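The model shown is predicted, which means the values in this text are computed figures rather than measured ones. Counting starts at 1 for both ligands and their atoms, following the listed order. Residue indices begin at 1 and follow the sequence shown.
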Amino acid sequence: MTLANGRHYLAIPGPSVMPDRVLQAMHRPAPNIYVGELPDMVDGIVPDLKAVAKTDHNVAMYIANGHGAWEAALVNTMSRGDTILILGTGRFCLGWGEMAAAMGIECRIIDFGPQSDIDMARVAEALAADAGQAIKAVLAVQVDTSSSVKNDIIALRATLDAAKHPALLFSDNIACLACDEFHMDAWGVDLMVTGSQKGLMTPPGMAFVYFNDKADRARETAGLVTPYWDWRPRVDPAEFYKYFFGTAPTHHLYGLRTALDMIMHEEGLEAVWHRHATLARAVWAAVDTWGNGGPIHANITDHAKRSNAVTTVNFGQGNGQRLRDWMTNTAGVTLGIPLGGIAATPEGASAFLRIGHMGHVNAHMVLGVIASLQAGMGALQIPHDAGGLQAAAEVMAQG
Ligand SMILES: Cc1ncc(COP(=O)(O)O)c(C=O)c1O
C-alpha cells in the first residue's frame with residue numbers, strides 16, 4: 001500500500017523547491033530581447049544579485065550550471081601551468097580541482113576527507129611551504145553538498161593574511177547562497193561562484209561568478225580566457241546581448257526576478273538566513289535524538305560546522321537506502337542520494353542519505369520530512385529514539 005499519492009516533495013539538496021510564483025512568472029510568451037521590459041528588468045536584477053552576496057563588486061551571469069561557473073572562474077584568472085590549492089571537504093572542491101587539472105592547471109590538493117571541515121593549520125603549513133608564492137588561488141566550498149560540512153571562510157581569509165600570501169580566495173557557494181550567512185566583501189572573498197537552482201529558488205540553468213578588483217587584475221594575464229566565458233563584457237555591458245553573449249535566458253530571468261523579490265524585498269535576507277537556521281536546527285534535533293544509543297548520526301558532528309542548507313545523515317548500513325526507497329514509494333518524499341567520499345564503499349552508499357532544506361521550504365515541509373522519516377524507521381524496524389519528532393517540534397516552537 002502506498003500513501004504517496006498527493007503532491008510529491010523533492011527534498012534533495014538542489015534543484016530545490018521552486019515557489020509557484022517563480023513558475024508563474026516564467027509562464028509567459030517570449031519577450032522581446034532587444035528593447036523594453038526584459039532589458040530593463042535585467043538591469044535591476046544585478047544590484048539584487050550583488051546584495052544577496054553582500055558585495056559591491058562585480059557579478060557576471062552565465063547560461064550554465066555550477067560546473068559552468070567553475071570553468072568561468074578558472075578561465076578568467078588562470079593560465080595553463082599556474083598553480084592552485086584545492087581544499088577538499090567532501091566532493092565538490094575536489095571536482096573543481098579535477099576540472100582545473102584537465103585545463104592544465106597544477107593542483108596542490110589537501111583532502112580533509114568527507115567528515116571534516118578545512119583544518120586551517122594544514123592550510124597555513126601549505127602556504128608557508130610555498131616559498132616562491134606560486135599558489136595563485138586557494139579554492140574552497142563554503143558548504144559541501146555531499147558531506148554537508150560548512151567551512152569557515154572568515155578563518156580561511158585570516159589564514160591567508162597571516163601567511164602574507166597573495167593568493168586569491170575562491171569560494172564555491174553553489175549549495176548555500178541565501179541559506180547560510182555569507183558576506184563576500186567583509187569576509188575578504190575575491191571570487192565566488194553560485195547557481196540559480198538552490199537557495200535562489202529558480203530552475204537550474206543560470207550561474208553567477210562574483211569577482212572583486214583583485215580577481216579582475218588576474219584577468220589581465222589569464223591565458224585561458226575565451227570570448228564566451230570572458231567576464232568583462234558581461235559586467236555593465238553597453239549592449240544588452242553582451243550580458244549573456246547572445247540570447248538571454250529570458251524565462252529564467254523572469255523567475256529569478258521573482259525569487260529575488262521574495263528573498264530580498266519581501267522576506268528579507270536576514271530573515272531568510274534565520275528561517276534556514278531554525279529549520280536546520282529542527283532537522284539536527286531530530287537526527288541527534290533518533291541516534292540516542294543507536295547507529296544513526298549526522299555526518300558532521302559539530303553543529304557549528306553543519307550547513308543550514310543540507311544535512312547528510314548516516315542511518316546505518318543498508319538503512320539509508322531502504323529508508324530513501326520507503327520515503328519515495330510510501331511517503332511521497334524524495335531525499336538525496338549519498339555522493340563523494342561517504343558513498344565510495346557499498347556500505348557507505350547504503351548507509352547515508354541527504355536531506356535538502358534549502359530555498360522555498362518552511363516548518364510544515366521540514367516537519368513533514370522528519371515525521372515521514374520517523375514513520376519509515378518504524379515501518380522498517382530501524383532502531384531509533386522516537387523522541388526525534390518531538391525534539392524537532394520543540395525547535396520549531398521556539399522559532
Ligand atoms: C557545492 C557545489 N558545487 C558545485 C556543484 C555543481 O553544480 P552543477 O551540478 O549545477 O553543475 C554543486 C551541485 O550540486 C554543488 O553542490
For this session: May I ask you to establish whether Arg234 and Phe245 are in a cation-pi arrangement, using a distance under 6.0 Å from NZ or CZ to the six-membered ring centre and at most 45° from the ring axis?
Result: no
Problem set entry | atom 7 (O) of ligand 1 - nearest protein heavy atom and its distance | Gly66 CA, 3.4 Å
For this session: Flag the pair Glu220 and Arg217 as a salt bridge only when some basic side-chain nitrogen lies within less than 4.0 angstrom of an acidic carboxylate oxygen.
Result: no
Exercise. Counting heavy atoms only, which of Ile12, Thr194, Thr145 is nearest atom 1 (C) of ligand 1?
Worked result: Thr145
Problem set entry | Protein heavy-atom partner closest to atom 3 (N) of ligand 1 - residue, atom, separation in Å | Asp172 OD2, 2.7 Å
Exercise. Parallel, tilted or perpendicular: which fits the ring planes of His67 and Trp70, with parallel below 30° and perpendicular above 60°?
Worked result: tilted
For this session: May I ask you to identify the nearest protein heavy atom to atom 12 (C) of ligand 1, giving residue, atom name and distance to one decimal place in Å?
Result: Phe92 CE2, 3.3 Å
Exercise. Is it the case that Glu394 and Gln398 place a side-chain donor and acceptor less than 3.5 Å from each other?
Worked result: no
Exercise. Backbone, side chain, both or neither: what part of Asn65 comes under 4.0 angstrom of ligand 1, heavy atoms only?
Worked result: both
Exercise. Where does the angle between the aromatic ring planes of Trp231 and Phe211 fall among parallel (under 30°), tilted (30 to 60°) and perpendicular (over 60°)?
Worked result: parallel
Seminar exercise, completed: Within the 4.0 Å heavy-atom cut-off, what Val143 brings close to ligand 1 is backbone
Problem set entry | Contact check, Trp70 vs ligand 1, heavy-atom distance below 4.0 Å | yes
Exercise. Taking the non-hydrogen atoms of Lys198, is any one of them nearer than 4.0 angstrom to ligand 1?
Worked result: yes
Exercise. Can you find an N or O of Ala175 that's nearer than 3.5 Å to an N or O of ligand 1?
Worked result: no
Exercise. Looking at His183 versus Trp273, is the centre-to-centre ring distance below 6.0 Å?
Worked result: yes
